[in-house]
**Student:** 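What follows is a single structure, and I will ask about it in a moment.
These numbers were taken from a predicted model, which means no experiment stands behind them. In what follows, chains are A, B, ... by sequence order, proteins preceding strands, each numbered from 1. Basis for what follows: all heavy atoms, side chains included, without hydrogens, waters or symmetry-related copies.
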2 protein chains.
Amino acid sequence: MEQTQLKEALEALKETGVRITPQRHAILEYLINSMSHPTADDIYKSLEGKFPNMSVATVYNNLRVFREVGLVKELTYGDSSSRFDFITTHHYHVICDSCGKIVDFHYPGLDEVEHLASHVTGFKVGNHRMEIYGTCPDCSTKETH
Amino acid sequence: MEQTQLKEALEALKETGVRITPQRHAILEYLINSMSHPTADDIYKSLEGKFPNMSVATVYNNLRVFREVGLVKELTYGDSSSRFDFITTHHYHVICDSCGKIVDFHYPGLDEVEHLASHVTGFKVGNHRMEIYGTCPDCSTKETH
DNA sequence: TTATTAAATTGTAATGTTTATAAATAGTGT
DNA sequence: ACACTATTTATAAACATTACAATTTAATAA
């Protein structure tokens, strides 16, 4: 499952003329396997064991490359640092206001909204982002005891 | 029109026990009158004339206060600094990928999505955010000549 | 009006994330 | 294996935002 995704991702890089380095391989692998939404620093720390000499700049550089190629989505919430998400299928995120947990939420998409927006504003609409905020079950039970 | 909004905002502050200082008055006024979505630094620079001694920290502190009271929404896009938006009616933003222009876009809301998300994830859903990205008319014409 | 008190402002330093830079290194196609 | 460039590394710099302590000020009541 993940193997396919990784292969496809590497293929996509090759096609764009982006070189495949061990660091890039490892970052991609981490993004695919981690079911969370890590920050650049999370990734840096997680790969410290395998790559003791890797620079933080490398992580940032490659996340930018992956974003430009369209492999990765950058999520900017209110908190200090960006989070990065390997793009699989179209899905949204539900975020807990209390503990910050991020849960994936699949939804058909909001093409209708895009069309309306395009019509009203005259923009050539390309894409959109949406996040839903609330309290996760864990934090809900904690609050009401 | 704006006078009413400002009065109501000041009233809301009073009710919450937040003191009304000249700086707060000016920042609120600026947010309401500016039809743009200024950064903290925009606000700071714009009020430099009236308040030569005002600290950047004051701007940040008060934007946080306004957000906590619910008068202002903080918008975190990809770029480096947050933007702040005085909350009037429920609307979304359409953002130009090319020049960064932000246009308001009124839409009935996405209650249905919130309900579904709540049902699927078990979250107590409170609110959501959505932004639409594309190319504005100006940039579109520039590209195609 | 004045005194009182807690809250807000100021100035500055500190923090933390992200980017820029230049030298060293390593992928890729031949 | 070679040559050509992209990439990595290490470090410094830039930038937005926050923390802090001292000073000032808004709100309240006498």
Side-chain angles (χ1 to χ4, degrees), chain A residues 9-30 37-69 71-84 100, chain B residues 9-30 37-69 71-84 100:
Chain A
L10 293 173
E11 194 58 36
L13 288 184
K14 226 185 237 168
E15 278 171 21
T16 330
V18 174
R19 290 185 184 170
I20 293 159
T21 65
Q23 293 89 337
R24 283 184 178 154
H25 193 285
I27 294 173
L28 272 179
E29 203 171 18
Y30 181 81
H37 308 76
T39 64
D41 198 57
D42 289 338
I43 299 170
Y44 175 63
K45 287 210 174 65
S46 297
L47 299 180
E48 226 167 20
K50 261 189 218 168
F51 297 88
N53 295 326
M54 184 168 63
S55 170
V56 215
T58 300
V59 177
Y60 279 101
N61 286 339
N62 289 330
L63 288 172
R64 180 161 32 77
V65 169
F66 296 158
R67 174 162 51 78
E68 285 166 359
V69 173
L71 288 174
V72 159
K73 193 160 55 164
E74 182 173 357
L75 312 168
T76 57
Y77 303 130
D79 51 351
S80 46
S81 44
S82 287
R83 294 168 173 283
F84 296 87
Chain B
L10 294 173
E11 193 59 34
L13 288 183
K14 226 185 240 169
E15 276 170 21
T16 329
V18 174
R19 291 185 183 171
I20 294 160
T21 65
Q23 294 89 337
R24 283 183 178 158
H25 194 284
I27 294 172
L28 272 180
E29 203 172 17
Y30 180 81
H37 308 76
T39 64
D41 199 57
D42 289 338
I43 299 170
Y44 176 64
K45 286 208 175 65
S46 298
L47 299 179
E48 226 168 19
K50 260 190 220 170
F51 297 88
N53 296 326
M54 184 169 64
S55 170
V56 214
T58 299
V59 177
Y60 279 101
N61 286 339
N62 288 330
L63 288 172
R64 179 162 32 78
V65 169
F66 297 159
R67 174 163 50 79
E68 284 166 359
V69 173
L71 288 173
V72 160
K73 194 161 53 166
E74 182 173 357
L75 312 168
T76 57
Y77 303 130
D79 50 351
S80 46
S81 44
S82 287
R83 295 171 172 282
F84 295 86

**Student:** Below the 4.0 Å mark, does C/dT18 have OP1 or OP2 next to a side-chain nitrogen or oxygen of A/Y60?
**Tutor:**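 Looking at the OP1 and OP2 atoms of C/dT18, one of them is under 4.0 Å from a side-chain N or O of A/Y60.
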**Student:** C/dA7, OP1 or OP2 - any side-chain N/O from B/N61 closer than 4.0 Å?
**Tutor:**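 So the side chain of B/N61 is outside the cut-off, no N or O lying under 4.0 Å from OP1 or OP2 of C/dA7.
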**Student:** Report yes if some heavy atom in the side chain of A/V59 is under 4.5 Å from a heavy atom in the side chain of A/M54; otherwise report no.
**Tutor:**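 With C-beta onward as the side chain, the pair touches.
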**Student:** Is the phosphate of C/dT19 approached by A/R64 (side-chain N or O, under 4.0 Å from OP1 or OP2)?
**Tutor:**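 The answer is no; no side-chain N or O of A/R64 sits under 4.0 Å from OP1 or OP2.
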**Student:** What is the separation between atom CD on A/E48 and atom P on D/dA10, rounded to the nearest whole Å?
**Tutor:**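 Taking atom P of D/dA10 as the reference, CD of A/E48 is at 12 Å.
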**Student:** Would you indicate which nucleotide in D/dT17, C/dT17, C/dT28 comes nearest to any side-chain atom of A/S80?
**Tutor:**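 Ranking D/dT17, C/dT17, C/dT28 by closest atom to the A/S80 side chain puts C/dT17 first.
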**Student:** To the side chain of A/A57, which of D/dT7, C/dA8, D/dT9 is closest?
**Tutor:**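 Nearest listed nucleotide: D/dT9.
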**Student:** Are any of B/Q23's side-chain N or O atoms less than 4.0 Å away from OP1 or OP2 of D/dT25?
**Tutor:**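 No, B/Q23 has no side-chain N/O under 4.0 Å of OP1/OP2 on D/dT25.
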**Student:** Whole Å only: how far is the NE2 atom of B/H25 from the P atom of D/dT25?
**Tutor:**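 These atoms are roughly 18 Å apart.
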**Student:** Expressed as a whole number of angstroms, how long is the span from A/Y77:OH to C/dT17:C1'?
**Tutor:**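 Roughly 18 Å, once rounded to whole Å.
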**Student:** Side chains of A/L75 and A/K73: closer than 4.5 Å at any heavy-atom pair?
**Tutor:**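 They are in side-chain contact.
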**Student:** Hey, is the side chain of B/S82 poking within less than 4.0 Å of OP1 or OP2 on D/dT17, counting only N and O atoms?
**Tutor:**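 Affirmative; the distance criterion is met.
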**Student:** When rounded to the nearest 0.5 angstrom, what distance separates CZ in B/F84 from OH in B/Y60?
**Tutor:**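 Those atoms lie 7.0 Å apart.
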**Student:** Measure from CG on B/L13 to P on C/dA7 and round the result to the nearest Å.
**Tutor:**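 It is 15 Å, rounded to the nearest whole Å.
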**Student:** Among C/dA6, C/dT28, D/dT17, which nucleotide sits nearest the side chain of A/R19?
**Tutor:**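 Among the listed nucleotides, the one closest to the side chain of A/R19 is C/dT28.
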**Student:** Using a cut-off of 4.0 Å on non-hydrogen atoms, how would the nucleic acid contact of A/D41 be classed: base, sugar-phosphate, or nothing?
**Tutor:**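 The residue A/D41 makes no contact with any strand.
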**Student:** Minimum heavy-atom separation for B/F66 and B/R24, please, with both atom names.
**Tutor:**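 Residues B/F66 and B/R24, closest heavy atoms: CZ-O, 3.9 Å.
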**Student:** Contact class for A/P22 vs. all strands (heavy atom < 4.0 Å): base, sugar-phosphate, or nothing?
**Tutor:**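 Contact class for A/P22: sugar-phosphate only.
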**Student:** So which nucleotide from D/dA26, D/dT8, D/dT17 ends up closest to the side chain of B/A40?
**Tutor:**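 Looking only at side-chain atoms, B/A40 lies closest to D/dT17.
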**Student:** Go through C/dT10, D/dT17, D/dA27 for me and flag the one nearest to the B/T58 side chain.
**Tutor:**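 Selected nucleotide (nearest to the side chain): C/dT10.
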**Student:** Would you kindly compare A/V56 and A/V18 by the position of their nearest DNA chain D nucleotide and give the one closer to the 5′ end?
**Tutor:**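 Residue closer to the 5' terminus by nearest nucleotide: A/V18.
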**Student:** Output the rounded distance in Å from CD (A/E74) to C1' (C/dT18).
**Tutor:**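 To the nearest whole Å, that distance equals 10 Å.
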**Student:** In whole angstroms, how far is the P atom of C/dT17 from the CZ atom of A/F84?
**Tutor:**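 Answer to the nearest Å: 12 Å.
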**Student:** Assess the side chains of A/T39 and A/D42: does a donor N or O sit below 3.5 Å from an acceptor N or O?
**Tutor:**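 Side chains of A/T39 and A/D42: pair found under 3.5 Å.
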**Student:** Let me know the distance between CD1 of B/I27 and P of C/dA8, rounded to the nearest Å.
**Tutor:**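 Atom-to-atom, B/I27 to C/dA8, this comes out as 13 Å.
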**Student:** Can you tell me if A/S55 touches the phosphate of D/dT8, counting only side-chain N or O atoms and a distance under 4.0 Å to OP1 or OP2?
**Tutor:**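 Indeed not, no polar side-chain atom of A/S55 lies that close.
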**Student:** List the atom of A/A26, the atom of A/F51, and the distance in Å for their closest heavy-atom pair.
**Tutor:**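 Distance-wise, the nearest heavy atoms are CB-CE1, 3.5 Å.
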**Student:** Should B/T21 be listed as having a side-chain N or O under 4.0 Å from OP1 or OP2 of C/dT9?
**Tutor:**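 B/T21 to C/dT9 OP1/OP2: side-chain N or O found under 4.0 Å.
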**Student:** What is the distance, rounded to the nearest whole Å, between atom CD1 of A/I20 and atom P of C/dG29?
**Tutor:**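 Distance check: A/I20 CD1 to C/dG29 P gives 9 Å.
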